[in-house]
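Note that the structure is predicted; figures quoted are calculated from it, not measured. No hydrogens, no waters, no symmetry mates; every other heavy atom, side chains included, goes into these values.
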Amino acid sequence: MTDPIIRVGDAAKKILQEDAVRQAFDDLKSGLVQQWISGKSPDERESCWNAYHAVVNLQNELNAQVQRSIRRKKQTSKGDE
């Protein structure tokens, strides 16, 4: 049975390597910046700001999952030596 940390990290890596996913993140962030710039009210701009950071936080969490997986693989391989 595969370690869940490794399994999740490997799945996150596959997601992040997909061109369509990378493009979607970039498009989302660019669109939210443009909406923020053209926002007519503070509430509108704050909503865009929060959405932008939600997208960034999702990317960061996926990257963190990948890093945890890498660390776990190193720990596991050291234990096998």
Report task. Evaluate the side-chain proximity of Asn57 to Tyr52: yes if any heavy-atom separation is below 4.5 Å, no if none is. Result -> no

Query - Interatomic spacing from CD1 in Ile37 to CG in Leu32 - rounded to 0.5 Å - result: 11.0 Å

**Report entry** side chain to side chain donor-acceptor pair (under 3.5 Å): pairs with one or both residues in residues 11-38, sequence neighbours excluded
**Finding:** Asp19-Arg22, Gln23-Asp27, Lys29-Gln59

Query raised in the report: Roughly how far, to the nearest 0.5 Å, is NE2 of His53 from CG of Asn60?
Result: 10.5 Å

Requested in this report: Determine whether Arg72 and Ser69 make a side-chain contact, defined as any pair of heavy atoms from C-beta on separated by less than 4.5 Å.
Outcome: no

**Report entry** Check against side chain to side chain contact (heavy atoms under 4.5 Å, CB included), Ser41 and Glu44
**Finding:** CA-CA 5 Å; Ser41 71; Glu44 216 176 311; 3.4 Å; yes

Requested in this report: Check whether any side-chain heavy atom of Leu58 sits under 4.5 Å from a side-chain heavy atom of Phe25, and report yes or no.
Outcome: yes

Query raised in the report: Any chain of hydrophobic side-chain contacts (each under 4.5 Å) joining Leu62 to Ile70?
Result: yes

Query raised in the report: If you take all heavy atoms of Val55 and Leu28, which pair is closest and at what distance?
Result: CG2-CD1, 4.0 Å

Report summary line: On a heavy-atom basis, the closest approach of Gly39 and Arg45 is O-NH1, 2.8 Å

Query raised in the report: Are Ile15 and Ile5 in one and the same hydrophobic cluster, where Ile, Leu, Val, Met, Phe, Trp and Tyr link if side-chain heavy atoms are under 4.5 Å apart?
Result: no

**Report entry** Non-hydrogen atoms of Asp10 and Lys73 that approach each other most closely
**Finding:** OD1-NZ, 2.8 Å

